[in-house]
2 protein chains.
Amino acid sequence: MSDNRRFTMHDVANRAGVSYQTVSRVINHHPHVAQDTRERVLHVIAELGYRPNRAAQLLAGNHSRVLGMTTFALNQYGPAQMVISVEQAAREAGYDLIFANVTDTALESVQAAIHHLLHWEVDGLVFLAPLTGMTPEDLRMLCGDVPLVQIGASGGDGASSAAVDQAHGGRLIAQHLMGLGHTRLAEIRGPAAWVDAQARHQSLLDVLAEAGLEPTASEAGDWTPRSGYEAARALLAKGAAFTALVAGNDQMALGALRALNEAGRRVPQDVSLVGFDDIPEAAYFDPPLTTIRQDFEQLGRQGVAYMIERIANPGAAAQHSRVLPRLIERTSSADVTR
Amino acid sequence: MSDNRRFTMHDVANRAGVSYQTVSRVINHHPHVAQDTRERVLHVIAELGYRPNRAAQLLAGNHSRVLGMTTFALNQYGPAQMVISVEQAAREAGYDLIFANVTDTALESVQAAIHHLLHWEVDGLVFLAPLTGMTPEDLRMLCGDVPLVQIGASGGDGASSAAVDQAHGGRLIAQHLMGLGHTRLAEIRGPAAWVDAQARHQSLLDVLAEAGLEPTASEAGDWTPRSGYEAARALLAKGAAFTALVAGNDQMALGALRALNEAGRRVPQDVSLVGFDDIPEAAYFDPPLTTIRQDFEQLGRQGVAYMIERIANPGAAAQHSRVLPRLIERTSSADVTR
DNA sequence: ATGTTCATTGTGAACGTTCACTGAAAACTA
DNA sequence: TAGTTTTCAGTGAACGTTCACAATGAACAT
C-alpha cells in the first residue's frame, strides 16, 4: 500500500463545509440533498480527485456493487468471449467484477473459487464453468443465498441463466447435412465433461434418430486442433465410412481438416466438414468452414441483466434465456457426391 | 449481500478460548504463537469454515495481498495467455488479482483503469497494455508509488518488466528467410499502436538493412485473419514481387495464406510464409506455419516474481527480463526457387 | 535473589465507509 | 394559526480486521 494517502470523505466534507454523511449521500445518489449542496460537494470531489475507498464501502455497506465471476478455460474461445462480454456489461451497469479461476474439473476447485468470491462479500455471482457434474442445486448450496446467474449453461430453479441453445445448434447442423443428402455422418465430440459438448452430441443423435439414422462413428477430442487431428485419424484408421464430419468446435475441425487432407480425402468433395463456434479464423480455413455462430456478447449482456434484476428483487423467480445459434454456411460442406 | 452471516474472528476466538488478536496472528503466520494454541485455533477455523473478510483485512491492514492488473484485447492470443499466466502465478504467491479492462487505446482509458485499481488499495499493479504512446514515466505518474510491473512491454526505470525480446524474434525470422535464399521479403505488420508490432517490424528492417536489403512492400493489419487477407490482397494487387511474406501474427498469416491461395501463389513453393505467436492452430494450417513461439507462461511468472520482490523491498531498482522467443520451423517456409 | 530478555497473549484504537437515528427548518394541510 | 409532513443535514455506532502497545510469565544471566 502506498504512502500517498488518498483523500477521505472527511477531507471532502471539511472542504465543502458539510458533514461526511452528506458526502456519502451525494456519492450514493441519495435524494434529499439540496441542489447547491450537491454541486458544492461534487465540485470538491472533482477538485481533490477523491474516489471512495472500495474496501470501506464494502465493509460498511450491505451491498457491495461487486460481482464475482468464476472463470474456466480462458484459453478457449467461448469462455474468453463470455468473460469479455460479462466484464463489459458489468462495468456498464456500475458493478465491479472480480474473478476466480477454476483450474480443473474437480468439484473442490469450483468450491474453492466460489468460497473465494464469497469472502469478498460480492452482491452476486456469475457462474461460468461449463462442466457437467455440477447441478444447479450444488451451486445453490455453495453460494448460500447470494444471487446467482449461470452463463453458458442451463440453470435450475435457484439460478437464472443465459445460454446458447446447443441442441438447436446440433439440429441446424444435422438438418443442413441431411439436406445436402448426407446419411453417413461421423462426429468428433468435445470432452464429455462439458455440457456444451454433451448437448451438441445429444441433439445430433436425436435428429439423426428421427430420420432413422445414427452416426457412423464418433470420437472424443479435447477442443484442441491436435485432438481434432488425432480423432480424425482414428476415424480414418477404423475405416469408418462417412461423407460428413461434425466437429465439436472449429479448432478440432481444423485439425480434422488436416488429417483428411493427409489421407487424401478432399473437403468438401469427399467429406463435408462442419464446426462449432465461428472463431474469427474459421472463414479463412481452406476451405472456409461451415459452422455455428453463437452470440456470446448477447449472453454476457443478458446474464448481467438478470443479475441486476435479481439483486434488486431477490424474491423473483429465476429467469432463463436461450440464445439461438446461427448456421454460417461456407464451402466446407457440400452436396454428397456418392 | 447475503443474510447468511459468516463467522468472524471473534467467533473463532471465543470457541478457541483466545483473543481475536491471537486468531489474527495464526492467520497471518506470525511467529510467537504457541504450538498448541495455533493448532487449537486452526482446528476451530476448519470446524467453522471460517475465512477472513477480505474487505476488513484490506481496510485495516497496510498491505492488502491484492494485485491489480490492467487487461487489454483479451480476445487476442498473447494478452489472453499473459492474463492466464499472471493469474496463476499470483494465486500461487498468495495474492488475489483484480482486473480492470482497458477498452480503447486512449490514454484516459488507461488512466481510468489504473485509478479504478488504486481504489482497491492494491499492493501492486501489473500493467498489461501493450500499446505505444504510454511511456513508463506516464505510468509512474498515474500509479504514485505503488509497485508497478509491466508485462509484455519493456519498462523504464520506474517499473520492472518482463517481456519477449521481439527484436530477437524479428531477427530469427529474417535470418531464417535469408538463410533460405530469400531476398525479396514482403511484410504484413501489426497495428502501429502496439509496441510488439513496432518492435517486430523494426528488427526486420534492421536485419535486412544489415544485408543491404529492404522489404519489397509492407502493409498493416489489425491482427485479425480478415485484415491479413486484405493486406495480402493489397500486396498482390500492387504487383509487389516477393518470395517470402512475414506476418505480424499467426492469424494474419492465415488470412494471407488464403489470399495467396486464391491468387494461385502456392506456399511454400512460390511464397514462403512465416507468422508470429505459434497459436495452437498454427501447426494445423495448410501448410503448417513456420512461426515464432513466445513463452507467455514464463512472462507471467517472471512478472509476478518481480512484483513480489518489489513489494518486499520497495527501494530496490527495477529489474527487467527479456524472454527469447524461438523459431518453430514448419513447412510454410522453404528454399527460394527462383 | 534480582534484574534482563524473550516468548506469548491481550487491550484499545484505528482504517473509511454506511446505517439507524435524531433534529431543525421548510413546506404543506386543515 | 397550529399541526403535520417532507426535506435536508448531522451524530454515534457499527462493519471485521490489523496495528501499536502493554502485560504476563518463564528462562536466563548476573
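Side chains included, hydrogens not; waters and symmetry mates left out as well; all remaining heavy atoms used. Naming: A, B, ... by sequence-line order, numbering from 1 per chain.
- Classification of the Phe72(A)-Trp194(A) ring pair by plane angle, with boundaries at 30° and 60°, yields tilted.
- Taking Glu297(B) as the reference, Arg301(B) meet the side-chain hydrogen bond (donor to acceptor under 3.5 Å, both in side chains) condition, with sequence neighbours excluded.
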So Phe127(A) and Val110(A), side-chain contact (heavy atoms from CB on, under 4.5 Å) or not? Walk me through it.
-> CA-CA 10 Å; Phe127(A) 187 76; Val110(A) 176; 3.6 Å; yes
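- When the P atom of dT17(D) is taken as reference, atom CG of Asn62(B) falls 17 Å away, rounded to whole Å.
- Across Arg54(B), Arg65(B), Arg91(B), a single residue satisfies salt bridge (charged side-chain N to carboxylate O under 4.0 Å, His left out) together with Asp96(B), and that is Arg54(B).
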Do any N or O atoms of the protein come closer than 3.5 Å to N or O atoms of nucleotides 24-27 of chain C, and which pairs are they?
none

Going 5' to 3' along nucleotides 7-12 of chain D, which nucleotides have protein heavy atoms under 4.0 Å from the base (write B), which only from the sugar-phosphate (write S), and which from neither (write -)?
-> SBBBBB
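- Considering only heavy atoms from C-beta on, Met9(B) comes within 4.5 Å of Ile27(B) through its side chain.
- Identified under the ring-ring contact (aromatic ring centres under 6.0 Å, His included) test for residues 13-38 of chain A, with sequence neighbours left out: His10(A)-Tyr20(A).
- Among pairs with a residue in residues 70-82 of chain B, those fulfilling side-chain hydrogen bond (donor to acceptor under 3.5 Å, both in side chains) read Thr71(B)-Asn101(B), at least two apart in sequence or across chains.
- Rounded to 10°, the helix from dA1(C)-dT30(D) to dA30(C)-dT1(D) has 40° between the axis fitted to its first five pairs and the one fitted to its last five.
- The nearest whole Å value for the distance from the CG atom in Leu59(A) to the P atom in dA14(C) is 17 Å.
- Rounding to whole angstrom units, CG of residue Asn14(B) and P of dG16(D) are separated by 14 Å.
- Note: CG (Asn28(A)) to C1' (dT18(C)) measures 8 Å, nearest angstrom.
- Atom NE2 in His119(A) sits 11.5 Å away from atom CD1 in Ile114(A) (nearest 0.5 Å).
- Gln57(B) places its CD atom 16 Å from the C1' atom of dA14(C), with the value rounded to the nearest Å.
- Residue Arg15(B) places its CZ atom among 12 or fewer non-hydrogen atoms of other residues, nucleotides or ligands, all under 6.0 Å distant.
- No side-chain heavy atom of Val44(B) sits less than 4.5 Å from a side-chain heavy atom of Tyr50(B).
- Listed here is the closest heavy atom pair of Cys143(A) and Leu125(A): SG-CD1, 4.1 Å.
- Counting to the nearest Å, the P atom of dT17(C) and the NE2 atom of His30(A) are 15 Å from each other.
- At whole-Å resolution of the value, CG in Asp11(B) and P in dG16(D) are 9 Å apart.
- Atom P of nucleotide dC15(D) and atom CG of Asn53(A) are separated by 18 Å, given to the nearest angstrom.
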